[in-house]
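Below is one structure, written out as C-alpha cells, with a few remarks after it.
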Protein chains: 4
Amino acid sequence: MPKVKDQNKVNAIYKATIELVTKTGFSGLKMAEVAKKSGVATGTLYVYYISKEQLINDVFVVTKKEVAGAIINSKYVKGSFNKTFKAMWYGYFKYCLLNPEKMLFVEQFIYSGYITEANIIKTNTYFEPLNQFLIEGQKNDYVKKMDVALIKAHLQGAIHEIVKMVVREGLKLKKKDMNTCFTMAWDSITE
Amino acid sequence: MPKVKDQNKVNAIYKATIELVTKTGFSGLKMAEVAKKSGVATGTLYVYYISKEQLINDVFVVTKKEVAGAIINSKYVKGSFNKTFKAMWYGYFKYCLLNPEKMLFVEQFIYSGYITEANIIKTNTYFEPLNQFLIEGQKNDYVKKMDVALIKAHLQGAIHEIVKMVVREGLKLKKKDMNTCFTMAWDSITE
Amino acid sequence: MPKVKDQNKVNAIYKATIELVTKTGFSGLKMAEVAKKSGVATGTLYVYYISKEQLINDVFVVTKKEVAGAIINSKYVKGSFNKTFKAMWYGYFKYCLLNPEKMLFVEQFIYSGYITEANIIKTNTYFEPLNQFLIEGQKNDYVKKMDVALIKAHLQGAIHEIVKMVVREGLKLKKKDMNTCFTMAWDSITE
Amino acid sequence: MPKVKDQNKVNAIYKATIELVTKTGFSGLKMAEVAKKSGVATGTLYVYYISKEQLINDVFVVTKKEVAGAIINSKYVKGSFNKTFKAMWYGYFKYCLLNPEKMLFVEQFIYSGYITEANIIKTNTYFEPLNQFLIEGQKNDYVKKMDVALIKAHLQGAIHEIVKMVVREGLKLKKKDMNTCFTMAWDSITE
DNA sequence: AATGAATGAGATTTCATTCAT
DNA sequence: CATGAATGAAATCTCATTCAT
C-alpha cells in the first residue's frame, strides 16, 4: 500500500516484481533486484512498501483484481447464458495468454506462505459475480448441479494448465484449437 | 565394518521436506528445519544431498514419479477406453486428495527456480504412457481431436485446482460430487 | 544524497587483515574477526569484497605494489651502479624490517592456494624496473652474468630470510651487522 | 606420532599430506582429502594422529629432519672448508630441486599458525652441526664475522627463493648457472 | 522523498572429529 | 584396528531492512 504518490514508481515496481518472479522463480525474488529493475533505490522501495511481504501482497491483490476484471465484464452480462459464458471464458483465456506472468504470479504466490489469509479472502470476493452467474445457470438447468466453487476450480484449473503449457512450450494456439478448448470447457460444465 | 548408509534417513528427510513445504510454504524451507524434523544433524543432510537445490530436485523427481504411478497403472490398460479412463482419472484424483502435499509440492516447485530444466524434461517422460492412451482414444473417435498435451493439461489442471480448493476449504467431497467431477472430465474430452 | 563509499573502511579492513594474518597465522583468518577488528559489520565486508578470496587477493596486490615501491624509487636511478644498488637494497631491507607483516603476508599467501594466477603475474610486473637495472649492471660488467630472475631471487630470498629470523628471534640488528648483510648481498652479485 | 605400526599407512599419509599441500595450498588441506589420497578412511587417520594439528606437526618435524640430513652429511666434514661448504651447499640445493614440495612444506607451515613453538625449537637443533661448521669457518677467517644465524638465513633464503622460482617457472638450470649460484653463495659469505 | 552504504540476524555449507559397526 | 556415516560447532555468505546524508 503506497504511502505516497509517484505513480510511475509504483508502476515500475509492480512491473519489475512480476517480471522477476516470472524469470527467476519467486524463491529468487530479492528486494535489491526489484529496486534495480524498477530503477529506484532499495531504500525507496521501503518508502512505498513497508516490507517485502507487503510488496508481494500488494502486487498479488492488484493483479488478482485485474484478473477478475478480465472475466467479469459488465457489457456481457445481459446476453444469453451461452453467449455470456463464451465471452467470459474467452476473456479470461485470452487474458492469460497475453499476461501469463500475471496468471503465474497469483498462482505461484497463493501457496508460497507470503500471502495473508485476509488477502486471499478479500480477492476471492472479486469473483462473486461469476458465482452468481453460474448459480443462475444451474437454476436454468444449463449447468451441472454441484458446488459452483468446484465448477470454477475446474474451469480455472484447466485454463491455467493449458496456458502454462502453451507458454512453456512456446506453442502458437490456432483458432481451431482454441475453439476445441472452449468446447471442452463448455461440455464439461453443461448438463 | 562401518556404519552403512541408511535408507530410513533418506525417507525421513524426504518426508520432512514435503511436510515442511506444505506447512510453511517453501519460501520458508530451511535446511536446519529439515534436519530437525527428520531427526538428523544438518551435516548429515549434506552427506545425502550436496546442496539444498539438490535435495529439492531429488524430492521433486521422486514425487513426480510417484504421482505418475498413481495414474499409470498397468492393471487397467486392458479394459475398454471408458473403463480405463475412469480408473486412471479416479486413481489420480484420489491420490491427489490423499496426498495433496505431494501434488502441491510438484506443482509449486516447477516454477520456483529451483528445479533444473533437465529434471523437468526427465519427469515429463514418466507420463508418456498416458499420452499413448489418449492418442489411441483419438484414433477410435472417443476423444476430441487436439494436441494430447492440451487435453492432459485440461484434465490435470482441473483436478489439481479442485483438489486444492477442497483442501484449502477443508471440504469433504461426497461420492455424488466426485462422480460429477468425473462426468465433467469425461464430457470435456469426449466427442 | 546517500552515504558514500568510505575509503577509511577500505583502509581499516586492509590493516585488520594484515594484522590478523601476522598474529594468528592465516589458517586462522576469519571474516568475522576481520570485520570486528576493522570496526565494520560482516555484511559490510561483502559490500567491498565479494568473497574472502577476493579480499585476500586484493590485500595481496595492494601490498605487493607497496613492497615494489620500497625498492624502486625514482630518486635513486641517476646515481652510480653501486650507489643505486645500495639505495635499493637498503630501501627494501629497511622496509621489510619495518613492515615484516606485509613482507610475510605476500610471501605466505603466494603459495596458499588463495592467490589467483592472474594476480601473481600482475604483481610480478611491478618489479620490471629492477630487472632493467640489473641487466644494465650486467652490460657494464658489474653484475655476474646469469638470468636476472635468479639474481633477484637470491637477493630477495636472503633479505626475507634474514628479516624473518630477526623478527622471530626479536633481535636488534646493529648498524655493523646491517652493513655486513649488505656486503654479503653486494659480494654475491658482483663479479 | 603414530600410536601403532603399519608403516605403509604412515608413509602413505605423509606422502599424501605433502602432495596435497603442494597442489592445493595449505589453506585447502582437508583431512577427508588426506584420507582419500592416502587410501585410508578418515577414522583411520585419527588412529595414527590425534588431530590435524598433530598430523601437520608430525609431517613438519619428519620433513625438517630429512632436510637437515641433506645438508649435514658426515662424509664431508673432514675436507677443507671450501670443499665441505661446497658439498653442503650442493647437497641442500639439489635436495631442494628434487623435493621442492618438502622444502615448500616446511617453509609454508612455519608461519601458518599450525606448528607449535616446541617443534620449531626442536627442529632448529637439527642444524646445530651447520652452526659449528660456520663458526669454525669464522675462526679461520674464511667466513665473514657475523651472527651465524644471519649467515645461515642468507644462504637458505637465497637457495629457497631460487628453487621456488625455478620450480614455478619450470626452468631447467644448466650446470653453468648452478655454478654461478654457488659462486654467489660463496662470495657472499667469504671475507 | 530519495539514495545506496551499512547492518547483522540468520541462512547455507564445511569439515575436523566421533562413534557404531 | 579399520571403516566411513554421522555429527554439530563454526565458518562463509545473504539479504531484508535501516539510516546517515
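First the proteins, then the strands, lettered A, B, ... as listed; each starts at 1. Remember, it's a predicted structure, so these values are computed and weren't measured experimentally.
Out of F/dT12, E/dA16, F/dA6, the shortest distance to the side chain of D/Lys52 is found at E/dA16. Nearest nucleotide to the side chain of D/Ala41, out of F/dG4, E/dA6, F/dA6: F/dG4. Among the nucleotides E/dA5, F/dA2, F/dT12, the one closest to any side-chain atom of C/Lys30 is F/dT12.
Side-chain polar atoms of C/Thr63 and C/Tyr14 form a donor-acceptor pair below 3.5 angstrom.
The separation between B/Ile56 atom CD1 and E/dT12 atom C1' is 12 Å, rounded to whole Å. One interatomic measurement links the two molecules: NZ of C/Lys36 to P of F/dA11, which rounds to 12 Å at whole-angstrom precision. One can place CD of B/Glu33 at 8 Å from P of E/dA11, the figure rounded to the nearest angstrom. We find that CD1 of C/Ile50 is positioned 16 Å from P of E/dA5, with the value rounded to whole Å. Rounded to whole Å, atom P of E/dT18 lies 13 Å from atom CG of D/Leu45. Remark: C1' of F/dC1 and OH of D/Tyr46 are 17 Å apart, rounded to the nearest angstrom.
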Residue pair C/Asn11, C/Gln7: steps toward the side-chain hydrogen bond (donor to acceptor under 3.5 Å, both in side chains) verdict: CA-CA 6 Å; C/Asn11 294 342; C/Gln7 187 61 34; 3.3 Å; yes
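Where D/Met31 and C/Gly43 each meet DNA chain E at their nearest nucleotide, the meeting point lying more 5' is that of C/Gly43. Toward the 5' end of DNA chain F, the nearer of the two residues B/Val47 and C/Glu53, judged by each one's closest nucleotide, is B/Val47.
Across all strands shown, C/Leu55 has no heavy atoms under 4.0 Å from either base or sugar-phosphate atoms. A/Lys9 comes within 4.0 angstrom of sugar-phosphate atoms only, judged by non-hydrogen atoms across all strands, and of no base. Within 4.0 Å (heavy atoms only), B/Tyr48 reaches sugar-phosphate atoms of the nucleic acid but no base atom.
As the counterpart of E/dA20, F/dT3 is assigned, both hydrogen-bonding distances of the Watson-Crick or G-U wobble pattern falling under 3.5 Å. Across all strands shown, F/dT14 is found opposite E/dA9 as a Watson-Crick or G-U wobble partner, with both distances under 3.5 Å. Both distances falling under 3.5 Å, in either a Watson-Crick or a G-U wobble arrangement, occur for no nucleotide opposite E/dA1.
Other residues, nucleotides and ligands contribute more than 12 heavy atoms inside 6.0 Å of the NZ atom of A/Lys37.
Of the side-chain N and O atoms in C/Thr42, none sit less than 4.0 angstrom from OP1 or OP2 of E/dG8.
Minimum heavy-atom separation, B/Ser38 to B/Ala12: CB-O, 3.3 Å.
By the 4.0 Å N-to-carboxylate-O rule, C/Lys23 lies too far from C/Glu101 to be salt-bridged with it.
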